[in-house]
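Computation of the quantities below employed the complete heavy-atom set of this structure, encompassing side-chain atoms and omitting hydrogens, waters and symmetry-equivalent molecules. Only a predicted model underlies this, so the values are computations on that prediction, with no experimental measurement involved.
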Amino acid sequence: MSRYTGPKGKLARRFGVNIFGNPKYDRVLGKRPNAPGQHGQTSGRRKVSEYGLQLLEKQKLKMAYGMREKQFRLYYKRALAQEGKTGDNLLILLETRLDNVIYRLTMAPSRDSARQMILHGHIKVNNRRVNIPSFQVSAGDIITAKDSTRSQTLVKRWLEENASRDVPEWLMINKDELKGQVVRKPLGEEIPSVANEQLVVELYSK
C-alpha cells in the first residue's frame with residue numbers, strides 16, 4: 001500500500017484524533033468531530049472487534065509518520081530485535097527519523113513538509129547534506145539548513161511561524177544559528193504518541 005495522499009481532515013475525523021499535529025486539524029475536529037460519511041453521524045455503530053481496534057491503532061501510527069506498510073513492518077521487526085519494550089522501541093525508532101526530528105525542532109510545520117525539505121536538499125546533518133527522510137539520527141548529531149539563501153530563508157520562516165510549539169527535551173534548537181541538535185535518544189514515556197503502541201505490537205505478534 002502506498003503512502004496516503006488524500007484529504008487529511010477526513011483521516012483526522014475518521015480516527016477522532018489529530019494524528020498530524022497541525023493545528024488546523026484540531027479545528028476540523030472541533031467543528032466536525034464525527035467520522036466522515038453518513039454512518040459517521042450515527043451513534044449506534046456496531047462494536048469494533050479486538051483485531052479491528054489493533055488495526056486502527058496501527059493505521060494511526062503508520063499514517064502519522066507517513067509510512068508505507070512494508071516500511072512500517074520493518075520498523076516493528078527492528079524494535080522487536082532490540083532489548084526493552086517493543087512498543088517503546090518502535091516509537092523511539094520512529095521519533096528519531098530525520099523527517100520527524102526536523103518537525104519536532106519546529107524547522108517544519110509538519111512531517112510532510114519536513115520530508116519535502118529533506119528530499120529537496122535543504123537539510124544537512126553534521127555538515128553533510130542528507131536527502132533521505134528516514135535517515136536515523138543519533139545523539140550528538142547537528143542538524144542545520146544548507147548554506148544557501150533559499151534553504152536558510154525557508155528554515156527561518158518555519159522557525160518563526162512555529163515559535164509557539166515546544167521542542168522536546170531530547171532535542172535542542174538554536175534559532176539564531178538555524179541549528180538543531182539531538183541531545184540524547186528520547187524515552188518512550190516522553191513521546192506524545194497518537195496511538196496505543198501496545199495494540200500495534202499485539203497485532204504484529206500474532
Side-chain angles (χ1 to χ4, degrees), residues 1-5 8 11 15 17-21 50-108 110-144 167-172 180-206:
M1 180 179 177
S2 60
R3 190 163 57 87
Y4 179 81
T5 57
K8 292 182 178 177
L11 272 186
F15 293 135
V17 63
N18 182 1
I19 65 173
F20 303 108
E50 180 183 1
Y51 173 78
L53 287 173
Q54 294 168 345
L55 187 62
L56 184 67
E57 295 304 300
K58 184 200 73 170
Q59 292 294 91
K60 284 183 189 178
L61 203 56
K62 187 179 74 171
M63 292 185 176
Y65 287 92
M67 312 282 285
R68 295 180 174 88
E69 176 61 31
K70 183 177 180 181
Q71 188 181 26
F72 190 80
R73 186 178 288 271
L74 287 174
Y75 274 92
Y76 168 75
K77 289 181 178 179
R78 287 175 59 188
L80 184 63
Q82 295 177 352
E83 294 184 0
K85 294 176 63 176
T86 303
D88 285 351
N89 293 341
L90 177 61
L91 290 179
I92 291 167
L93 286 171
L94 295 173
E95 279 289 300
T96 50
R97 283 172 52 101
L98 181 59
D99 54 0
N100 181 74
V101 170
I102 295 295
Y103 166 65
R104 295 293 189 204
L105 284 167
T106 71
M107 297 171 81
S110 65
R111 294 183 184 92
D112 279 347
S113 294
R115 192 173 296 113
Q116 288 299 312
M117 290 169 64
I118 296 165
L119 290 171
H120 292 166
H122 293 299
I123 299 298
K124 296 168 71 176
V125 178
N126 298 330
N127 214 31
R128 289 187 173 186
R129 193 178 70 171
V130 176
N131 59 4
I132 303 171
S134 62
F135 178 86
Q136 210 77 39
V137 302
S138 302
D141 282 351
I142 303 293
I143 295 136
T144 56
V167 175
E169 292 185 3
W170 57 279
L171 296 173
M172 183 171 62
Q181 182 175 3
V182 182
V183 178
R184 57 175 172 80
K185 187 166 68 171
L187 303 174
E189 58 265 27
E190 63 185 346
I191 297 173
S193 178
V194 297
N196 185 331
E197 66 277 3
Q198 184 55 40
L199 290 182
V200 179
V201 172
E202 291 174 7
L203 175 67
Y204 278 124
S205 62
K206 290 182 177 180

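The two residues R97 and S134 make their nearest non-hydrogen contact at NH1-CB, 3.2 Å. Pairing each heavy atom of Q181 with each of L105, the nearest pair is N-CD2, 4.5 Å. Here the closest non-hydrogen pair linking T86 and A79 is O-CB, 3.7 Å. The two atoms that bring E197 and D88 nearest to each other are OE2-OD1, 4.2 Å, heavy atoms only.
Residues L80 and V201 fail the side-chain proximity criterion, which asks for heavy atoms closer than 4.5 Å. Contact check for L199 versus E202: side-chain heavy atoms found under the 4.5 Å cut-off. Side-chain contact between R115 and I118 is absent, with no heavy-atom pair separated by less than 4.5 Å. Here the side chains of E57 and Q54 are not in contact, with every heavy-atom distance at 4.5 Å or above.
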Checklist entry - Hey, mind stepping through V101 and R104 against side chain to side chain contact (heavy atoms under 4.5 Å, CB included) and telling me if it holds? => result CA-CA 5 Å; V101 170; R104 295 293 189 204; 5.6 Å; no
Checklist entry - Is there a side chain to side chain contact (heavy atoms under 4.5 Å, CB included) between W170 and I92 once you walk through the steps? => result CA-CA 11 Å; W170 57 279; I92 291 167; over 6 Å; no
Next on the checklist: Using the rule given for salt bridge (charged side-chain N to carboxylate O under 4.0 Å, His left out), can you reason through E69 versus R73, listing the C-alpha separation, both sets of side-chain angles and the distance that settles it, and then say yes or no?
Outcome noted: CA-CA 6 Å; E69 176 61 31; R73 186 178 288 271; 3.8 Å; yes
Next on the checklist: Please determine whether side chain to side chain contact (heavy atoms under 4.5 Å, CB included) holds for the pair D99 and Y65, giving the CA-CA distance in whole Å, both sets of side-chain angles, and the decisive distance to 0.1 Å.
Outcome noted: CA-CA 9 Å; D99 54 0; Y65 287 92; 6.0 Å; no
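Rounding to the nearest 0.5 angstrom, the gap separating the CD atom in Q59 from the CE atom in M67 is 12.5 Å. Within the model, atoms CG of L90 and NZ of K85 stand 12.5 Å from one another, a figure rounded to the nearest 0.5 Å. Separating the CG atom in L55 from the NZ atom in K62 is a distance of 8.0 Å, to the nearest 0.5 Å. For the atom pair CG (L56) and CG (N196), the distance works out to 10.5 Å, reported to the nearest 0.5 Å.
Every residue two or more places apart in sequence or in another chain was checked for a side-chain contact (heavy atoms from CB on, under 4.5 Å) with N131, and none qualifies. The ring pair (Phe, Tyr, Trp, His ring centres under 6.0 Å) search around Y204 returns Y76, not counting sequence neighbours. In terms of the ring pair (Phe, Tyr, Trp, His ring centres under 6.0 Å) criterion, Y75 has no residue partners (sequence neighbours excluded). Taking the side-chain contact (heavy atoms from CB on, under 4.5 Å) definition, one finds that S113 meets it with A108, P109, S110, sequence neighbours left out.
Using a distance-only test at 3.5 Å, with no hydrogens or angles considered, no donor-acceptor pair links the side chain of N100 to the main chain of R111.
Other residues, nucleotides and ligands contribute over 12 non-hydrogen atoms within 6.0 Å of the NZ atom of K124.
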Under 3.5 Å, which donor-acceptor pairs do the side chains of residues 182-194 form with other protein atoms, sequence neighbours left out?
residue	atom	partner	partner atom	Å
R184	NH1	E190	OE2	2.6
R184	NH2	E190	OE1	3.2
R184	NH2	E190	OE2	3.3
E190	OE2	L187	N	2.8
S193	OG	A195	N	3.2
S193	OG	A195	O	2.8

Without placing hydrogens or testing angles, list every side-chain donor-acceptor pair under 3.5 Å for residues 135-143, not counting sequence neighbours.
residue	atom	partner	partner atom	Å
Q136	NE2	L93	O	2.6
Q136	NE2	T96	OG1	2.6
D141	OD1	N126	ND2	3.0
D141	OD2	S138	N	2.8

